[in-house]
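Report on one structure; see the data block that follows.
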Amino acid sequence: MMVDLDPSGQVSQRDPDRARRQYLNYAFYRLDPAFRRLPREEQAELKREFEQAVMGWLDAPAEAGRILRTYSTVGVRSEADFMFWRMAFDLRDFQEAQARINRTRMGGYLTQPHNFISMQKRSQYVNRIEGSGHGLELLPGEGTYLFVYPFVKTRAWYDLSPHARQGMMDEHIYASGPFKGVRLNTSYSYGIDDQEFVVAFDSDYPQEFVDLVGRLRYTEASLYTQRDTPMFTCIKKDVAGILEDLA
């Protein structure tokens with residue numbers, strides 16, 4: 001496998017890539033407990049309005065590329081109750097999605113403790129390995145569980161030679177090889193959010209994911225992790241199921 005000796009394009013002065021790319025939004029929400037004190041009939045009415053607003057976002061031309069996956073975090077995360085994983089080709093589509101929620105009455109009972117933005121692009125480390133897969137071929141939300149966290153490398157990582165980084169990533173990829181029940185999506189946040197990456201592991205097997213993360217702690221590349229928290233365990237549910245968990 002050839003190592004890219006100029007992954008940043010800094011030496012060759014590669015032209016900017018303006019090709020259309022997919023954006024991702026991991027939006028976490030928390031419900032004000034005051035909502036649970038409303039009469040049941042009023043709760044049901046507000047829930048119906050909210051679900052219509054959320055699902056109405058998908059009524060867009062196919063070329064917009066809008067995708068929505070919905071997850072409950074009730075009982076597995078203290079500061080968030082649910083998460084919407086949105087994908088689109090235009091950042092303004094995420095504004096529209098949130099504006100729809102803001103205009104609902106239930107939106108007045110919601111806060112957003114976390115909201116991550118990232119972008120898909122081909123990995124410089126794995127896209128030359130046949131069958132390895134990468135974000136551009138992602139089938140999002142296939143598993144029952146999604147494990148999500150923002151990720152930042154140390155500055156020392158970028159000072160390593162391309163060969164050193166590639167060697168560490170080869171070890172990282174090799175260590176991950178046996179864990180076929182965990183699908184990885186890495187997306188990039190350079191310049192558009194606080195973290196450098198958002199990683200999302202899609203799986204039906206939490207135990208396999210725990211063992212995978214444990215094994216990766218022993219790889220050399222893990223020495224160059226600056227931050228990989230907060231970590232979220234998200235359980236796939238439709239909007240109706242999420243609302244049932246809330247109240």
Side-chain angles (χ1 to χ4, degrees), residues 22-60 64-119 140-141 143-151 185 187 189 192-195 198-202 206 227-247:
Q22 185 184 54
Y23 293 95
L24 296 92
N25 174 215
Y26 301 84
F28 291 84
Y29 295 88
R30 184 177 186 179
L31 182 70
D32 187 330
F35 182 86
R36 300 188 181 97
R37 296 190 285 271
L38 296 175
R40 287 293 180 181
E41 297 78 9
E42 186 176 356
Q43 287 184 25
E45 182 182 348
L46 269 58
K47 286 179 180 181
R48 284 192 296 270
E49 179 191 41
F50 180 81
E51 183 173 7
Q52 290 172 1
V54 170
M55 299 310 296
W57 181 73
L58 293 173
D59 295 333
R66 292 183 183 181
I67 299 172
L68 174 65
R69 298 290 184 265
T70 58
Y71 298 83
S72 176
T73 56
V74 167
V76 292
R77 191 77 195 185
S78 62
E79 81 276 31
D81 293 311
F82 62 95
M83 189 272 284
F84 290 159
W85 187 13
R86 306 181 182 112
M87 283 142 265
F89 286 111
D90 192 326
L91 280 171
R92 291 169 292 189
D93 288 1
F94 301 149
Q95 287 190 319
E96 179 188 333
Q98 185 58 41
R100 285 173 173 268
I101 290 175
N102 291 345
R103 289 191 289 266
T104 67
R105 287 170 289 174
M106 188 172 175
Y109 292 92
L110 295 173
T111 56
Q112 273 194 278
H114 302 282
N115 189 65
F116 305 120
I117 296 290
S118 56
M119 177 187 293
T144 303
Y145 304 96
L146 190 73
F147 307 97
V148 179
Y149 55 90
F151 187 80
N185 171 52
S187 52
S189 297
I192 59 174
D193 209 340
D194 293 345
Q195 65 282 338
V198 180
V199 291
F201 295 84
D202 190 32
R227 176 169 58 88
D228 58 358
T229 57
M231 293 188 175
F232 302 92
T233 295
C234 308
I235 302 171
K236 186 166 68 174
K237 292 191 176 183
D238 59 18
V239 177
I242 288 171
L243 295 174
E244 186 65 24
D245 285 347
L246 293 178

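Remember, it's a predicted structure, so these values are computed and weren't measured experimentally.
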- Query: Per the side-chain contact (heavy atoms from CB on, under 4.5 Å) rule, which among I242, L146, T70 passes with M83?
  - Reply: L146
- Interatomic distance, E49 atom CD to M106 atom CE [nearest 0.5 angstrom]: 10.0 Å
- Message: As an exercise, state the distance from CE of M87 to CG of N25, rounded to the nearest 0.5 Å.
- Response: 9.5 Å
- Message: Here's one to test your reading of the geometry: is the NZ or CZ of R77 within 45 degrees of the ring axis of F232 and under 6.0 Å from its centre?
- Response: yes
- Note on the structure: With Y26 as partner, the option from Y71, Y149, W85 fulfilling side-chain hydrogen bond (donor to acceptor under 3.5 Å, both in side chains) is W85
Judged by atom type as modelled, is there a donor-acceptor pair below 3.5 Å linking the side chain of [X] to the main-chain atoms of [Y]?
{"X": "D238", "Y": "G241", "result": "yes"}
{"X": "R86", "Y": "F94", "result": "no"}
{"X": "S72", "Y": "I235", "result": "no"}
{"X": "D202", "Y": "G143", "result": "yes"}
{"X": "W57", "Y": "D93", "result": "yes"}
{"X": "Q43", "Y": "R36", "result": "yes"}

- Query: Is E51 salt-bridged to K47, going by a charged N under 4.0 Å from an acidic O?
  - Reply: no
- Is any NZ, NE, NH1 or NH2 atom of the basic residue among E45 and R105 found under 4.0 Å from an Asp or Glu carboxylate oxygen of the other? yes
- Item | Centroid separation F84 to F82 less than 6.0 Å | yes
